[in-house]
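Residue numbering restarts at 1 for every chain, and letters A, B, ... go by the order of the sequence lines. Note that the structure is a prediction, hence the values are computed from the model and not measured.
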Amino acid sequence: MAYKALYLFRFGGLNLFLPTIGEIYKMNYNFREIEAKWQKYWAENETFQATNQSDKPKFYALSMFPYPSGAGLHVGHPLGYIAGDIYARFKRHKGFNVLHPMGYDSFGLPAEQYAIQTGQHPAITTETNINRYREQLDQLGFSFDWSREVRTSDPKYYKWTQWVFIQLFNSWYNKVSDKAEDISTLVSTFEGEGNGRVEAVCDEDTPVFSAEDWSDFSAKTKQEILLKYRLTYLADTEVNWCPALGTVLANDEIVNGVSERGGHPVIRKKMTQWSMRITAYAQRLLDGLDTIDWPQPLKDSQTNWIGRSEGASVTFKVKDYDAVIEVFTTRPDTIFGASFMTLAPEHDLVSQITTKEQKEAVETYVQATAKRSERDRMADVKTISGVFTGAYAEHPFTKEPVPIWIGDYVLASYGTGAVMAVPCGDQRDYDFAKHYSIPIPNIFEGIDISEEAFADKANTIIANSDFLNGLSYKEATTKAIAELEKLGQGQGKINYRLRDAVFSRQRYWGEPFPVYYVDGMPQMIDLEHLPLELPEVEKYLPTETGEPPLGNATHWAWDAKNNKVVSNEMLKKVEHDRHSELDSESHEGVYPIELNTMPGWAGSSQYFNRYMDPHNDEAIYSQEAIGYWKDVDLYIGGSEHATGHLLYARFWQKFLFDKGIAPKKEFAQKLINQGMITGASAFIYKDLDSNQIFSKGLKDGKNVIPIHADVSLVNASDELDVEGFKKWQPEYKDAEFILEDGKYVVGREIEKMSKSKYNVVNPDAICEEYGADSLRLYEMFLGPLEQSKPWNTAGITGVHSFLKKLWKLYSPFMDGSLSAVEAEPTAENLKTLHKTIKKVEEDIENFSFNTSVSTFMICVNELTAQKCSSKAVLEPLAILVSPYAPHIAEELWECLGYSESIANAPFPKFEEKYLVESTKEYPISFNGKLRFKLELPLEMGREEIEAAVMAHDRTKEQLQGREPKKIIVVPGKIVNIVG
RNA sequence: GCUCGAGUGGUGGAAUUGGUAGACACGUUGGACUUAAAAUCCAAUGGCCAUUGUGGCCGUGCGGGUUCAAGUCCCGCCUCGAGUACCA
């Protein structure tokens with residue numbers, strides 16, 4: 001009651017109680033103190049630890065774990081984490097048992113490159129960086145369950161990465177059951193009947209053999225054959241080799257022909273590499289996309305990446321040679337239009353079939369293309385080049401000779417590396433034919449092809465094509481395939497662009513393969529002897545003989561008898577008296593260990609499952625744990641992983657599903673791509689001919705180059721601190737800055753946030769000035785989560801003052817005391833509250849976090865105006881705000897008299913009845929033009945509303961005695977009168 | 001080239017999916033408080049016109065269309081962004 005008296009006093013304008021210094025300190029929203037207090041509380045009380053058993057429904061909210069780079073976090077990094085954290089906290093309020101873990105993708109190139117430069121062990125750099133990341137993450141108040149932290153570079157973790165690799169090695173893909181099976185089932189089939197009837201995804205050069213053949217094969221041959229079936233296998237692959245980085249790069253690590261990291265040139269090179277038979281899963285990876293709620297653009301890019309195309313494979317006999325050329329075509333209906341064939345210059349048959357006369361020209365051409373880098377080839381797509389081999393193939397139906405050309409527009413890596421060229425139906429074939437004056441037969445009814453090819457399937461009617469005449473694309477395709485099958489020269493086929501994924505990297509800082517070699521054949525190390533830990537090396541560069549960095553290790557040989565790593569000296573000692581070791585059941589010697597390491601995506605392909613049971617040393621995770629958590633309910637991360645991590649992780653998950661290790665075919669049901677927060681770089685304009693630097697408005701007409709200036713030297717109105725700049729870049733200390741209106745104004749450009757562009761905004765500084773809650777709210781307020789948007793610190797005062805107002809709402813006496821009273825809330829209070837509950841709940845469910853921040857602001861403004869201090873309103877409001885601004889919410893919650901954390905307080909229930917009003921404003925509109933408003937009782941029906949509207953003066957005035965043609969009443973919305 | 005996505009005030013962005021366009025915030029301007037600054041509070045703020053007053057016209061990239069009613073739906077363009085690329 002005393003409070004209430006005070007309260008009335010204060011709002012009555014008679015503030016007689018002057019606060020003491022201590023009270024002033026308390027009465028303000030002291031975010032520094034509050035945030036430190038609650039971060040400590042959460043850590044000490046393990047508030048966010050999830051249990052693997054609960055009566056509550058489960059919810060798994062995951063954000064992509066970061067690579068801990070040396071630069072630390074900038075304001076762009078936490079965006080997705082904040083969104084994920086809001087959702088996780090929301091779900092806790094909603095009564096879910098929430099798993100919200102975090103960890104580090106801590107293997108990677110930067111740590112290794114730093115090691116090369118400084119000699120410091122990558123583990124040390126990584127540890128330092130992780131500690132820094134942790135500090136920054138803690139500062140932002142995330143509700144992560146840190147007891148489940150994983151690091152991909154931790155041997156306890158990568159033990160299981162190695163284990164999955166072994167499972168893949170011990171599996172083959174059975175097309176009949178359409179899943180991965182244990183390699184032992186394949187071996188018993190080979191023993192029983194050979195491989196004639198085996199339908200597997202395997203290497204193309206796999207020979208056909210009988211059961212007898214199999215038993216006669218040497219142990220080594222058997223292993224070689226099995227390697228052609230295993231889901232991870234060794235093969236000579238043409239790879240993207242980056243000499244500058246000394247490593248192989250995946251396709252998605254190359255941008256415009258140069259390495260994504262560092263921009264070094266990349267060349268094609270053949271190497272023996274581990275590969276993953278991801279192509280076995282191409283169709284299932286495609287089909288699975290329909291079952292998951294992922295962003296359409298991301299699905300599209302995976303679909304494109306997999307690149308399914310339906311068509312036919314056709315074999316052409318080569319005239320005068322005992323050889324056939326197999327081609328893949330999506331247009332078997334146009335087969336009568338094929339007037340030549342083109343092989344990729346790298347095609348195996350080229351050297352065999354080339355005639356004497358053409359030999360020189362062909363060889364020159366092949367060499368010339370080999371020399372051209374991928375980048376050059378891409379740069380000039382327009383140039384048409386090719387050479388005739390002198391050989392002819394035989395058309396399967398007409399038996400006419402078809403000249404065989406080679407040309408670099410045909411890619412060795414796609415399809416069979418050969419095409420049947422139908423110039424009338426494909427623009428590239430058309431251009432090629434025109435260029436070399438090859439005939440262009442027209443096989444389309446009523447189509448003019450004198451200028452360009454006709455590629456429109458939908459409007460195709462085939463002509464001049466024997467049995468295909470008069471048929472549509474669809475009919476002709478079916479018919480052509482049927483006829484080809486009769487001849488034994490073709491069949492329907494589905495082709496994928498997706499290639500098997502190269503899995504070896506010539507790096508130090510990655511997972512070692514659990515593999516040693518006996519007679520050059522890979523052997524797996526048993527689970528009980530894992531992890532195989534990274535050895536120490538003197539230097540982190542490739543060896544002088546070009547071996548990967550692990551070649552520098554002195555202690556990197558496998559003692560197969562004692563199952564441990566021994567020094568390379570031992571290797572030499574035992575090696576010379578080894579016989580056919582593969583034949584003996586157990587290997588007792590000392591053998592070399594694989595020198596490559598695994599790529600970055602290895603560790604990230606199973607981490608989400610490992611979080612479920614991260615400390616399990618007996619299994620990758622227990623079946624109880626994964627049986628409970630099953631899959632990720634919400635995954636938040638960047639779209640740049642669309643065809644990398646997100647595809648590989650789906651592949652591993654499907655494999656683990658086949659093996660009965662994972663219960664779900666897809667690891668993440670819903671995925672959201674958070675947009676990038678970009679930086680507004682600042683530029684100064686240096687005159688090229690003098691020592692002058694021009695302000696933005698004066699640079700036009702001058703010969704200037706823009707130079708990045710650090711954004712911290714620029715104020716909100718784009719004015720540069722010139723003295724600060726000179727201090728920062730002493731090379732310009734004598735430069736003359738030409739000002740406009742007494743100021744130096746910088747130019748702005750939106751770019752990706754990056755250290756080298758000096759546009760990085762650090763969250764630490766923001767937290768120091770405004771607090772983590774302000775930063776969290778502001779990052780959400782900036783715009784829709786999925787959209788990329790530039791950072792602009794200026795606007796943060798808006799959300800910060802919202803928090804201050806919120807604080808005041810709970811503390812109107814300005815003395816730090818609790819103001820919430822047991823007073824009955826007014827109808828107005830409840831209306832404001834329930835409006836907010838409804839909107840905020842909807843917004844969170846729809847991931848429209850930006851609009852809910854506005855809703856909070858409106859709510860607090862209204863409640864302040866209403867002078868609301870009722871507990872019945874302020875309690876639920878604290879819960880509503882808590883996912884967004886958890887620290888202040890906890891503090892308010894405590895002020896309201898609770899000793900438990902707000903984290904598990906139930907989310908307020910929305911009740912429609914509080915929004916109901918007695919009257920409603922109806923906007924009235926005439927012919928969509930004149931508008932006025934009319935307030936009418938809510939319970940009025942349609943006819944009553946019409947009558948009330950017609951009786952109104954404005955209506956009469958407008959209608960001037962005429963009868964209205966039509967009256968449209970949309971319930972609760974608008975009344976429209978058409979006069 | 002192909003595949004997606006987006007164009008709304010000075011700025012970031014709202015708009016219950018066809019129903020009063022510009023919520024909320026930044027910025028700007030004016031005012032209050034202050035010796036002053038900061039902080040805080042109040043008011044105005046799409047454009048043009050009218051103005052003592054309630055007002056009027058135009059406005060969601062451009063051009064058409066459907067509808068009583070279009071930022072939202074349809075047709076045709078333009079621009080920007082993202083992904084991808086000689087894929088047979």
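Across B:rC48 and B:rA85, the matching C1' atoms stand 49 Å from one another, rounded to whole Å. As rounded to the nearest Å, B:rG10 and B:rU17 have C1' atoms that lie 30 Å from one another. Separating the P atom of B:rU29 from that of B:rG81 is a span of 33 Å, rounded to the nearest Å. A gap of 16 Å separates the P atoms of B:rU67 and B:rC74, to the nearest Å. Atom P of B:rC62 sits at a distance of 10 Å from the matching atom of B:rG9, rounded to the whole Å.
Residue A:Asp426 is classed as having no contact, given no heavy-atom separation below 4.0 Å to the nucleic acid. A:Asp843 comes within 4.0 angstrom of nothing in the nucleic acid, heavy atoms only. When heavy atoms are screened at a 4.0 angstrom cut-off, A:Lys805 is found touching the sugar-phosphate backbone but no base atom. Using a 4.0 Å heavy-atom cutoff across all strands shown, A:Lys804 reaches sugar-phosphate atoms only and no base atom. Within 4.0 Å of A:Pro784, counting heavy atoms only, lie sugar-phosphate atoms of the nucleic acid but no base atom. As judged by a 4.0 angstrom heavy-atom cut-off over every strand, A:Asn850 is placed among residues touching the sugar-phosphate backbone only.
Look at NE2 on A:His435: it is 19 Å from P on B:rC86, rounded to the nearest Å. Atom CZ in A:Phe781 sits roughly 8 Å away from atom P in B:rC26 (whole-Å rounding). Regarding A:Asn304, its CG atom lies at a distance of 9 Å from the P atom of B:rC4, rounded to whole Å. In this structure, A:Phe328 atom CZ and B:rC87 atom P are separated by 13 Å, rounded to whole Å. As a whole-Å value, the separation of A:Phe856 CZ from B:rC24 C1' is 13 Å. Rounded to a whole Å, the CZ atom of A:Arg428 is 12 Å from the C1' atom of B:rC2. Rounded to an integer number of Å, the gap from CD of A:Glu842 to P of B:rU17 is 10 Å. Residue A:Gln787 contributes atom CD, which lies 10 Å from atom P of B:rA6 at whole-angstrom precision.
For B:rU17, there is no paired nucleotide, since no Watson-Crick or G-U wobble pair has both relevant distances below 3.5 Å. Applying the Watson-Crick and G-U wobble criteria (two distances, each under 3.5 Å), B:rA82 pairs with B:rU3. Nucleotide B:rU72 is matched to nothing when pairs are restricted to Watson-Crick or G-U wobble geometry with both distances under 3.5 angstrom. Base pairing annotation: B:rU66 forms no Watson-Crick or G-U wobble pair, as no partner gives both donor-acceptor distances under 3.5 Å. Across all strands shown, B:rG22 remains unpaired; no Watson-Crick or G-U wobble contact has both distances below 3.5 Å.
A donor-acceptor pair shorter than 3.5 Å cannot be found between the side chains of A:Asp408 and A:Thr369. In this model, no donor atom of one side chain and acceptor atom of the other lie less than 3.5 Å apart for A:Asn846 and A:Glu842. Judged purely by distance below 3.5 Å, without hydrogens or angles, the side chains of A:Ser309 and A:Asn495 never pair a donor atom with an acceptor atom. Between the side chains of A:Glu862 and A:Thr832, at least one donor-acceptor pair of N or O atoms lies under 3.5 Å.
When the side-chain nitrogen and oxygen atoms of A:Asn792 are compared with OP1 and OP2 of B:rG10, none of them lie within a distance under 4.0 Å.
Of the candidates B:rU3, B:rA88, B:rC26, the closest approach to any side-chain atom of A:Asp300 belongs to B:rU3. Listed nucleotides B:rA88, B:rU40, B:rG83 differ in distance to A:Ser309; the shortest reach to its side chain belongs to B:rA88. Considering only the side chain of A:Lys789, B:rG13 comes nearest among B:rA25, B:rC87, B:rG13. Each of B:rC24, B:rC86, B:rA14 was ranked by its minimum atom distance to the side chain of A:Met857; first place goes to B:rC24. Nearest nucleotide to the A:Thr851 side chain, out of B:rA15, B:rA85, B:rU40: B:rA15. Distances from the side chain of A:Tyr414 to the nucleotides B:rC4, B:rU40, B:rA88 place B:rA88 closest.
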Go through it in stages, so that I can follow the logic: the residues are A:Phe340 and A:Phe432, the test is ring pair (Phe, Tyr, Trp, His ring centres under 6.0 Å), and I'd like the CA-CA distance, side-chain angles, deciding distance and then a yes or no.
CA-CA 10 Å; A:Phe340 63 104; A:Phe432 194 89; 5.5 Å; yes
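The salt bridge (Lys or Arg N to Asp or Glu O under 4.0 Å) search around A:Glu911 returns A:Lys913, not counting sequence neighbours.
Look at B:rU54: its glycosidic torsion is beyond 90° from 0, and that puts it in the anti range.
The nearest pair of heavy atoms linking A:Tyr884 to A:Arg776 is O-NE, 2.9 Å.
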